[in-house]
Q: 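Starting off with a structure, shown below.
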Amino acid sequence: MENNKISGAEAVIRCLLEEGVNLVYGYPGGAIMPVYDELYKFQDQLHHVLVRHEQGATHAAQGYARATGKVGVAIATSGPGATNLVTGIADAQIDSTPIVCITGQVGKHLLGSDAFQETDIIGISTPVTKWNYQITEAHEIPEIIAKAFYIARSGRPGPVLIDITKNAQFDEIDFSYKKCTGIRSYNPKPNLNIEKVKEAADLINNAKKPYIIFGQGIILGKAEAELKELIEKSGIPAAWTILGLSALPTDHPLNVGMVGMHGNYGPNLLTNECDVLIALGMRFDDRVTGNLATYAKQAKVIHLEIDPSEIDKNVKTTVAVLADVKESLQALIPLIENKNHDSWHNEFKAKYKIEFDTVIEEELSPSHAGISMGETIEMINKHSNGDAIIVSDVGQHQMFACRYAKFNSTKSNITSGGLGTMGFALPASIGAKMGMPNREVVAIIGDGGFQMNIQELGTIFQTQVPVKIVVLNNEFLGMVRQWQELFFDKRYASTIMINPNFVAIAEGYHIKSKKITKREDLDAAVAEMLASKESYFLEVMIEKENNVFPMIPTGASVSDMRLS
């Protein structure tokens, strides 16, 4: 591109266009106004979505990134605008989601003076970003934004925040843009050690009860085909973490279910009976492992991971293969022997039958009059055929969605994993649908989390984005209430919800709405919602004390899973 004098604000927009960005989420304000002025001029090339709260911008950017695999972008002003981004940034950091956040800042000469709407967003966001930087001179803009996108998307992805002072937005520069392809001392993809791959292959080939747990690293590393090839060749049963869900079709015969606090019975119990545990792109989160002192102590552990900080952090490995998971699997698969492990599989099937008879059958076909969360998810499966993107919020409904939703293709389960952010799903579903307009997007939300970002109904109304919203309403903060029932003698302290008329609120935003209270109305309501070409709000009144089981109590072993 030929050099020409342009403002720093215009340079920001041109940098975004150079990075292939065509959609940003944000909220204007004084310190970012020059950039918004340029956005106005470039609106035919760069679509800006006005959210109703800056937290909504970060979650929408996350939803877009998770559904598309691209970098999501959020823009906000200084002070409260910037601090309102922080929850979404923290969520993106712990869930390895690539987003770039751009904030305005007071002029360079005012920094540190407690000027109007000045906050030290660099200091505030340092613990929850992969990288952040404050631009105080216009000439820095192209290089820093190029770096931001490279860092956000490379290696283990994550959020980057760029803070730009107002003077840097106004000052003029000779603009040229060069994409970043590397940074000294930053090594996003460790070099594969083939000897470690051979050690891993030997352990796997000699194992009697090998077991795979795969996480979101498979999706981030675009290694879904390699995962499928590995398990089909080796015959090894494979379970998933919540963020790994949808990397392998849920109905694949070697997919044995979910690990973790509310995961499936067999995958948790048999973690402590396998002889080789193969962890693929997962980080041994405490919700997966339970008590580390009793986790898989009998097993040799193989860990395929891109981030060196995750190796031996929680679980000591026998063999660590530090590299991009796709490259690791491509090297590993030719060394693996063809096997089936039928008798080992039968142990998973036996445990599944116990779980089905004790928990699943009653959840999907309840004997009580009230509608259950599980049967609602099952009804969505029936009408979506497993082809929808499910965006779940945080709480009981999230666990039910992860346990019972069916997925045929990858990047279909979008939820807040590591941070557990209530209010995530509504804005994230907007981003997911805008990123993947040809796919059905269904947000599954509880009555508590829905009210945390309910204002984003305004974004849906203004943009006419056709997301489908299902609120599972039990008039409780359900997950906290479940713990109060089980561990605090039913002292329901501050968990009873006196809710507004959700249908009236949704209709106030001109969103087609329905509320159902009877099981016989569920099928037709879900069918009508999914057939709608426009956004749709469906409130389902749920059995009040509908608990999610099985569960591993906090601090307990995966072997101590409760079925009731």
Side-chain angles (χ1 to χ4, degrees), residues 240 242 245-246 248-253 255-258 260 262-267 352-393 395-409 412-415 425 429 439-447 468-474 478-479 482 514-532 536-551 563-564:
W240 34 269
I242 281 177
L245 173 56
S246 85
L248 184 70
T250 39
D251 63 358
H252 192 287
N255 186 335
V256 293
M258 178 166 92
H262 291 287
N264 293 108
Y265 190 56
Y352 179 80
K353 185 172 190 319
I354 294 168
E355 183 180 353
F356 183 86
D357 293 345
T358 315
V359 175
I360 297 172
E361 188 172 32
E362 173 62 22
E363 183 57 40
L364 299 186
S365 305
S367 55
H368 52 74
I371 303 170
S372 76
M373 295 195 197
E375 70 180 312
T376 308
I377 303 300
E378 186 76 342
M379 195 61 74
I380 292 167
N381 291 335
K382 173 185 169 184
H383 292 286
S384 70
N385 300 311
D387 292 328
I389 293 174
I390 304 289
V391 185
S392 53
D393 211 77
Q396 287 178 314
H397 61 278
Q398 175 190 35
M399 295 299 111
F400 281 115
C402 291
R403 282 176 55 80
Y404 296 112
K406 298 279 187 271
F407 297 108
N408 300 323
S409 57
S412 296
N413 171 58
I414 297 174
T415 193
S429 67
R439 293 195 64 189
E440 194 69 74
V441 174
V442 183
I444 309 288
I445 315 178
D447 49 313
K468 310 300 166 61
I469 306 152
V470 180
V471 166
L472 302 179
N473 185 356
N474 55 11
M479 187 63 92
Q482 176 170 335
K514 182 168 278 190
K515 175 179 179 174
I516 61 165
T517 58
K518 297 191 184 78
R519 176 170 292 115
E520 55 264 32
D521 298 330
L522 183 61
D523 195 335
V526 171
E528 181 182 315
M529 174 185 75
L530 289 176
S532 173
Y536 194 107
F537 173 80
L538 177 63
E539 180 182 10
V540 183
M541 298 305 293
I542 297 296
E543 182 77 16
K544 277 199 169 193
E545 299 192 357
N546 184 188
N547 286 336
V548 53
F549 284 108
M551 77 175 289
L563 286 165
S564 61

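Side-chain atoms are counted along with the backbone in the values below, which use heavy atoms only and exclude waters and symmetry mates.
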Q: Taking the side chain as C-beta and beyond, is there a heavy-atom pair between Asn546 and Asn474 under 4.5 Å?
A: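 The answer is no; the side chains never approach within 4.5 Å.
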
Q: Would you mind reporting whether Gln482 and Met399 have side-chain heavy atoms less than 4.5 Å apart?
A: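 Side chain of Met399 against side chain of Gln482, heavy atoms only: no contact under 4.5 Å found.
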
Q: Would you confirm whether Ser392, through its side chain, and Ile444, through its main-chain N or O, come within 3.5 Å as a donor-acceptor pair?
A: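 No; judged by distance alone, with no hydrogens or angles, the pair does not exist.
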
Q: What I'd like to find out is whether the side chain of Ile360 reaches to under 4.5 Å of the side chain of Arg403, using heavy atoms alone.
A: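 In short, these two side chains touch, coming nearer than 4.5 Å.
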
Q: Mind checking whether Tyr536 and Lys514 have side chains closer than 4.5 Å, heavy atoms only?
A: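 Sidechains of Lys514 and Tyr536: in contact.
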
Q: Take Ser384 and Glu440, measure what side chain to side chain donor-acceptor pair (under 3.5 Å) needs, and give me the verdict at the end.
A: CA-CA 8 Å; Ser384 70; Glu440 194 69 74; over 6 Å; no

Q: Kindly state each residue pair satisfying salt bridge (charged side-chain N to carboxylate O under 4.0 Å, His left out) with at least one member in residues 360-377, sequence neighbours excluded.
A: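 Qualifying pairs: Glu375-Arg519.
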
Q: Going by heavy atoms in the side chains, are Leu248 and Trp240 under 4.5 Å from each other?
A: no

Q: Report the residues that fulfil side-chain hydrogen bond (donor to acceptor under 3.5 Å, both in side chains) with Lys382, sequence neighbours left out, ordered by chain and then residue number.
A: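 If we apply the side-chain hydrogen bond (donor to acceptor under 3.5 Å, both in side chains) test to Lys382, skipping adjacent residues, the hits are Asp523.
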
Q: Please report the C-alpha distance between Ser246 and Ser412 in whole Å, then the side-chain angles of each, then the deciding distance to 0.1 Å, and finally whether the side chain to side chain donor-acceptor pair (under 3.5 Å) criterion is met.
A: CA-CA 6 Å; Ser246 85; Ser412 296; 4.7 Å; no

Q: Tell me, with the steps shown, if Ile380 and Ile390 meet side chain to side chain contact (heavy atoms under 4.5 Å, CB included).
A: CA-CA 10 Å; Ile380 292 167; Ile390 304 289; 4.2 Å; yes

Q: What pairs with Asp387 under side chain to side chain contact (heavy atoms under 4.5 Å, CB included), at least two apart in sequence or on another chain?
A: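 By the side chain to side chain contact (heavy atoms under 4.5 Å, CB included) rule, Asp387 matches Asn385, Asn408.
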
Q: Within the 4.5 Å heavy-atom criterion, are Pro366 and Glu543 side-chain neighbours or not?
A: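 No; the side chains remain at least 4.5 Å from each other.
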
